[in-house]
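Got a structure here, written out as structure tokens. Questions coming.
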Protein chains: 2
Amino acid sequence: MTEQGTRTYSPRERMVFSAAQLIRRDGVGATGMRDVAAHADAPRGSLQHYFPGGKDQLVGEAVTWAGRYAARRVTRNLAALPAADRRPSRLFAALISQWTEECLATDFAFGCPVAAVTVDCADAADSARTAAAQAFACWREPLGAALVELGVPEARGASLATLLVSALEGALLIARAERDTHALTTVAEELGPLLDAAALSH
Amino acid sequence: MTEQGTRTYSPRERMVFSAAQLIRRDGVGATGMRDVAAHADAPRGSLQHYFPGGKDQLVGEAVTWAGRYAARRVTRNLAALPAADRRPSRLFAALISQWTEECLATDFAFGCPVAAVTVDCADAADSARTAAAQAFACWREPLGAALVELGVPEARGASLATLLVSALEGALLIARAERDTHALTTVAEELGPLLDAAALSH
DNA sequence: CCATTATTATGACGACTGTCATAAGGTGGC
DNA sequence: GCCACCTTATGACAGTCGTCATAATAATGG
């Protein structure tokens with residue numbers, strides 16, 4: 001979630017990006033509009049110009065962006081899967097390991113922005129929460145499709161995708177609290193056989 | 001998390017209890033000290049008296065209380081398991097269904113306080129986060145023991161407990177965002193066979 | 001060159017927040 | 001009575017928040 005292409009981003013894009021970064025680190029409530037502008041090197045006056053809907057709109061766009069980012073991550077990891085490892089367990093392990101590395105690299109400072117918005121729903125009565133729901137859906141859908149492509153029967157693709165997102169999200173939470181990645185690796189190891197068994201019974 | 005015994009609780013206990021309630025509904029940042037006192041029908045002046053450590057201390061005690069509550073819930077569900085259903089899948093299903101009912105009863109307003117504290121770590125540099133870590137441990141430990149008692153080999157008890165807490169926590173997150181309990185039921189259904197299979201290979 | 005629009009700058013507003021200082025009740029022991 | 005102690009009451013402090021009003025500047029198209 002740190003790498004971005006070489007092209008320059010507009011201040012508006014940078015603010016959405018920065019909002020997602022700050023939200024997943026500090027939570028929604030603790031992330032101020034002024035902080036977002038400063039982190040994005042964007043003028044403070046642009047906030048009310050690009051986001052007339054206020055903080056709700058900014059948070060909503062940030063979480064939507066995060067959902068699309070997570071979806072891209074799934075398809076990218078699927079495409080990068082070695083031909084010898086085209087099993088669902090390998091895909092999940094790759095996803096988990098990517099989050100694990102991120103945890104270690106940032107000293108467990110970063111969580112998932114979608115989770116942060118879901119938990120910190122004090123503001124934005126509905127708009128932010130529905131955006132979080134769509135982000136989860138946007139994340140789960142390509143994951144289910146990837147599982148099916150790896151041999152999981154179509155009927156179980158969506159269910160297993162829900163399970164994987166749940167386990168990943170929960171393990172990320174535990175890992176952050178304990179400052180230890182063992183929950184992430186444990187989840188990957190325990191769920192791997194289940195996934196491959198589901199794929200074998202084509 | 002709503003039922004409490006008949007005995008009267010001291011203002012201090014009520015404030016810890018109320019803090020946990022408000023935190024899991026609104027998040028840490030959005031829960032004000034004044035709100036806690038009002039919700040607990042406790043005098044505002046008692047806050048600085050009982051919690052000289054300030055908000056950090058109150059949040060820490062609230063999440064510790066929540067962890068112990070979750071642990072109690074595990075042992076209680078294990079004890080209440082019908083003799084015919086002494087399988088790990090049944091225990092997990094019972095836990096999931098309890099959270100599901102809570103979601104529906106509160107219109108998805110309540111999440112898990114431990115998750116809220118973990119995500120909203122802006123305040124309380126370490127004390128709150130370590131309290132959250134201990135709460136997770138306090139929750140996972142009796143769950144692992146219960147799995148072992150239901151036939152899971154001792155070596156896998158802890159791992160499976162970590163998986164179950166992760167999946168439950170993540171599914172709770174998704175359910176809250178989507179205002180739909182399908183993630184919870186899906187997780188229970190998908191994980192049930194895995195658990196019973198692990199128990200059969202005594 | 002002008003007019004129109006898009007963007008940025010700046011300061012202020014009211015409403016919160018956690019925390020503290022200070023002092024007042026309340027209760028039981030002597 | 002009086003003292004000590006636990007508890008509560010109350011107001012104020014400095015800070016931050018999201019939002020808005022207003023104006024200056026930059027860019028754009030005629």
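Every chain is numbered from 1 and lettered A, B, ... according to where its sequence line falls, protein lines coming before strand lines.
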Kindly say whether B:R156 contributes a backbone atom to a donor-acceptor pair with the side chain of B:S159 at under 3.5 angstrom?
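No; judged by distance alone, with no hydrogens or angles, the pair does not exist.
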Starting at atom CG of A:D35, determine the distance to atom C1' of D:dC17, rounded to an integer number of angstrom.
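Nearest whole value for this atom pair: 10 Å.
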For nucleotides 3-9 of chain C, give me one character per nucleotide, 5' to 3': B if any protein heavy atom sits under 4.0 Å from the base, S if the only such contacts are to the sugar-phosphate, - if neither.
---SBBB
Not counting sequence neighbours, which residues clear side-chain contact (heavy atoms from CB on, under 4.5 Å) with B:R34? List them please.
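With neighbours one apart ignored, the set is B:R44.
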Is it the case that B:T31 and B:D26 place a side-chain donor and acceptor less than 3.5 Å from each other?
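No.
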Return yes if a side-chain donor-acceptor contact under 3.5 Å exists between B:S10 and B:E13, otherwise no.
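Yes.
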Write down the distance between CG (A:L47) and C1' (D:dG18), rounded to a whole number of angstrom.
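After rounding, the gap between these two atoms is 10 Å.
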Residues A:D196 and A:R90 bridged, charged N to O under 4.0 Å
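Salt bridge: no.
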Check this for me: does any side-chain nitrogen of one of B:R73 and B:E102 sit under 4.0 Å from a carboxylate oxygen of the other?
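Judged by the 4.0 Å cut-off on N to carboxylate O distance, B:R73 and B:E102 do form a salt bridge.
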What is the separation between atom CE on A:M33 and atom C1' on C:dG11, rounded to the nearest whole Å?
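Nearest whole value for this atom pair: 17 Å.
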Distance check needed: C:dT17 P versus B:L58 CG, whole Å only.
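Taking atom P of C:dT17 as the reference, CG of B:L58 is at 14 Å.
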For the pair made of CG in A:D26 and P in D:dT16, what is the distance, rounded to whole Å?
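It is 15 Å, rounded to the nearest whole Å.
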Rounded distance (Å) that lies between atom C1' of D:dC13 and atom CZ of B:R34:
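Nearest whole value for this atom pair: 11 Å.
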